[in-house]
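Accompanying notes for the structure given below.
Here, residue 1 is the first one in the sequence, and each next residue gets the next number.
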Amino acid sequence: MQKRGQMTLLIILGIVVLASVIMIYTFRANLFASEWETQQAISLSVPDEAEELHSYVSECIQEVVEEPVRLMGQQGGYLEIPTDEIGRGDHNPFSNSLEIFPGTDFETSYWFYIAANGVQQSQIPDLETMEIALEEYVDDNLVDCLDNFELYEENNASVGVVDTEVEILNDEVRFTVNYPVHIELEDFSFDFDSFYEEVDVPLGEMLETSIEIMNEENENFYLEDLTVDMLVLYDEIPFSWMEFDCDTEVWNEEDVEKSLKEIIMNNILAIKVGGSNYYQSEESDEDYFEWDALRGTNDYNVNLLYSQNWPLSMQVYPTEDGELVEDSFTEGSPLGSLMSTFFCMNNYHFVYDIKYPVLVSLYDEETDYTFQFATMVVLDNNAARENELEDEIADIEDTICADATTEITVYPVAVSDSGALVDLEEVEISFQCINNVCPLGETRGSGLVAEVPACVNAQIVASKEGYNNGIEIVTTLEESTVTVVLENLYEIEYDLRIVDTDGTTREATSEDTIIVTMTEEETGYTVTLINPNDENFIELSAGTYDIQGTLVSDVDFDIEIPESSYTTCTSNPLMSLGGLFGLDSGSSCVDVDTEAFELESAMSGGVDQEWSVDRDELADASLLTIYVTSPGVPENYDELDSVSAYLDIKIGQVEPELT
């Protein structure tokens, strides 16, 4: 009887376990859904008597929420572009927005521009402001859609005030429309207080990607540098050169401006943003410029555009009566008058101040959604503008960090000599989303609980003195826990030795200088080893290192580098559209002459290798020996060239040694 009772108990337990598994599988969507998704599912459970009115209100809300989300993408994050107090006109042709089709209301906001008073301005929106704008739009416009008062009367319905809450996520925009509706019909009554609708577009992620592009432009001025290249490379734009010719040249300013507009249009159109979704054909390798504006990759089509119908401000010096004129070397000086007896020399040098807009457009094919904004390209005296908006950009990044809604728990740990994980205290933790770094604080005890912005493929970085930084990739769309491993830094003495062609090793002499850098490939941790050096100690952690080094030796007699002459050519898209698609090809070439000079020291060796080391090896070692190979000290120009060839094929390289 006892065995039969035990068997019955096991069968009952098995049935309970099986039923639990079936319930979890059946209701897994609800179990792992967010609070908003749970409330959305609950709100859809409506009695049949209230279904008609509920569906009518829901359809109206869906119709009302989609339009502003689309408009916000077209206008650079704004439903209403901020008012320019000066106003658009001849005195202010750019204003603070770009008319994509001049004379229409189809426009987008400048994220960077110079106002009519010459002051740099930034108009990059933040998520909170965008959410508030969407909330106000729904509150103001929903009633216009809900005009079927007959349906309300049939249901004896009474309604309250519309109050909308909006959350912009990476891949969707969520609307919680608090709109109390009470139905009272004979023996039936029902209330529905809130409606939950979403627009499936990547507005949040597109905003972050656009900010990354804008910050990269504000930091490194890629578009300005490309514009300078246009001035230098295209013959249609007189820039700077000298020629021996008694005939003087002049250029019509209007013609130069017209040519510049066409050149800018074609070159801006040829820009491809690295990390975005663009196709490169083998036939047109030279007909585009890749701009490394994104650190990661995405599936958006990113396009840049300038139209000849858009404004362009061009001021050129020197000009005279609408013409660009040269500065003749043979005029205005006694030396010039003397030289004019023998020949004519004309010196052409023009200084440009240029401003023009560029439209940056991101398109997501899956959702058919576009996010775009404009920026102003500015040259001042032939040079890229200086960025005066660093504080404003930092404020924007602070706003992104302040939009922290997702809880994350971080446990920093180290690895003991036995291989066990050990909790670390007093570790600084930071959160990096694209190019925005948010400090989270220092751990107290074994971990840190903090709120971070929603982000895909973000980085948690943990740092502590005596350890190499630990980095973990996380996605923070929902609450999570992450463990970050920090590798110990081991202090170790180093020695740099030279390997001769016969395989023997030797110490560096007083005439040798060795510089070696070791970069850990995963974390980017870098140390530099120098000989001679009074303090020959470094700190290393376990990992894989890229080792690059150079040996420079004094020579007993100077090595003469002869004068040389060569031609360098730069490929560039031609002014016609055909040049963009491989139908035409163009290049600008410059002759370069170098004078003879002598070297008192020369490269005589080096090292280029990859090396992996684990923590056990470092824990047991006290000395690291790095070897640089050398074919000998060069004695002439030809031997100097052979040293480079010797290092390129990596002859005689010896692995580093730990002892």
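- In this structure a side-chain-to-backbone donor-acceptor pair under 3.5 Å is present from Thr443 to Glu426.
- A distance-only check finds a donor-acceptor pair linking the side chain of Gln123 to the backbone of Tyr110 [under 3.5 Å].
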* To do: Before giving the answer on side-chain contact (heavy atoms from CB on, under 4.5 Å), spell out for Glu167 and Glu172 the whole-Å C-alpha distance, their side-chain angles and the decisive distance to 0.1 Å.
  => CA-CA 9 Å; Glu167 184 180 13; Glu172 66 179 359; over 6 Å; no
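- Ser210 has its side chain within reach of Phe371: a pair of non-hydrogen atoms, C-beta onward, lies under 4.5 Å apart.
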* Could you give me the CA-CA distance, side-chain angles and deciding distance for Asn96 and Gln121, then say whether side-chain contact (heavy atoms from CB on, under 4.5 Å) is met? => CA-CA 9 Å; Asn96 69 330; Gln121 299 287 346; over 6 Å; no
* Carefully, step by step, assess Ile626 and Ile547 under the rule side-chain contact (heavy atoms from CB on, under 4.5 Å). => CA-CA 9 Å; Ile626 300 288; Ile547 302 177; 4.2 Å; yes
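- Without hydrogens or angle criteria, Tyr545 side chain to Gln609 main chain gives no donor-acceptor distance under 3.5 Å.
- Ile408 is not listed as a side-chain neighbour of Thr481, based on a closest heavy-atom distance of 4.5 Å or more.
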* Asked: side-chain contact (heavy atoms from CB on, under 4.5 Å) between Leu71 and Tyr137: does it pass, once the steps are laid out?
  -> CA-CA 11 Å; Leu71 181 62; Tyr137 181 93; 5.8 Å; no
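- A pairwise comparison of heavy atoms in Thr476 and Pro453 identifies OG1-O, 2.8 Å as the closest pair.
- Screening Glu197, Glu35, Glu37, Glu135 for a salt bridge (charged side-chain N to carboxylate O under 4.0 Å, His left out) with Arg174, the sole residue that qualifies is Glu37.
- Met206 CE to Thr370 OG1: the interatomic distance, rounded to the nearest 0.5 Å, is 6.5 Å.
- A donor-acceptor contact shorter than 3.5 Å is absent between the side chain of Glu290 and the backbone of Gly274.
- Among Glu365, Glu205, Glu366, the one residue that satisfies the side-chain hydrogen bond (donor to acceptor under 3.5 Å, both in side chains) test with Tyr300 is Glu205.
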* From CA spacing to verdict: side-chain hydrogen bond (donor to acceptor under 3.5 Å, both in side chains), Ser194, Asn178 -> CA-CA 4 Å; Ser194 300; Asn178 301 305; 2.8 Å; yes
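- Interatomic distance, CD of Gln372 versus CG of Leu362, reported as 9.5 Å (0.5 Å rounding).
- A pairwise comparison of heavy atoms in Val302 and Ser276 identifies CG2-CB, 3.5 Å as the closest pair.
- Taking the side chain as every heavy atom from C-beta outward, Ile460 and Phe431 approach each other to under 4.5 Å.
- Residues Glu442 and Leu448 approach most closely at O-CD1, 4.0 Å, considering heavy atoms.
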* To do: Please assess Tyr363 against Asp368 for the test side-chain hydrogen bond (donor to acceptor under 3.5 Å, both in side chains), listing each intermediate value before the final yes or no.
  => CA-CA 7 Å; Tyr363 175 70; Asp368 190 31; 2.7 Å; yes
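- Contact between Pro125 and Tyr78 at its shortest, heavy atoms only, is N-OH, 3.9 Å.
- Glu491 places no side-chain N or O within donor-acceptor distance of the main-chain N or O of Glu539, the cut-off being under 3.5 Å.
- Taking 4.5 Å as the limit, some side-chain heavy atom of Trp291 sits within range of a side-chain heavy atom of Ile213.
- Remark: side-chain polar atoms of Gln120 are paired, donor with acceptor, to backbone N or O of Glu386 under 3.5 angstrom.
- Remark: side-chain polar atoms of Asp139 are paired, donor with acceptor, to backbone N or O of Thr164 under 3.5 angstrom.
- The CD1 atom of Ile498 sits 6.5 Å away from the OG1 atom of Thr509 when rounded to the nearest 0.5 Å.
- No side-chain donor-acceptor contact under 3.5 Å links Asp423 to the backbone of Tyr411.
- Using a 30° and 60° split on the angle between ring planes, Tyr196 and Trp36 fall in the perpendicular class, above 60°.
- Looking at Asp380, its side chain never comes within 3.5 Å of a backbone N or O of Ala383 through a donor-acceptor pair.
- Donor-acceptor pairing under 3.5 Å is lacking for the side chains of Ser109 and Ser97.
- No donor-acceptor distance shorter than 3.5 angstrom exists from the side chain of Thr505 to the backbone of Arg497, with no hydrogens or angles considered.
- Atom CG in Asn469 sits 9.0 Å away from atom CG in Leu489 (nearest 0.5 Å).
- How far CD of Glu610 is from CD of Glu655: 9.5 Å, rounded to the nearest 0.5 Å.
- Shortest non-hydrogen contact noted between Ala462 and Ile429 is CB-CD1, 3.6 Å.
- Residues Tyr494 and Val527 have side chains not in contact (no heavy-atom distance under 4.5 Å, counting atoms from C-beta outward).
- For the pair Arg615 and Glu487, the salt-bridge criterion is met [side-chain N within less than 4.0 Å of a carboxylate O].
- Side chains of Leu624 and Ile538 form a contact here, defined as non-hydrogen atoms less than 4.5 Å apart.
- Glu216 approaches Ala293 most closely through the heavy-atom pair CG-CA, 3.8 Å.
- Considering CD of Glu493 and CG of Leu623, their distance stands at 5.5 Å, rounded to 0.5 Å.
- Contact check for Glu136 versus Glu80: no side-chain heavy atoms found under the 4.5 Å cut-off.
- Looking at Leu223 and Ile268, their side chains come closer than 4.5 Å, going by heavy atoms from C-beta outward.
- Screening residues 512-532 for salt bridge (Lys or Arg N to Asp or Glu O under 4.0 Å), with sequence neighbours left out, gives Arg506-Asp512.
- No salt bridge links Glu425 with Arg444; every basic N to acidic carboxylate O contact stays at or beyond 4.0 Å.
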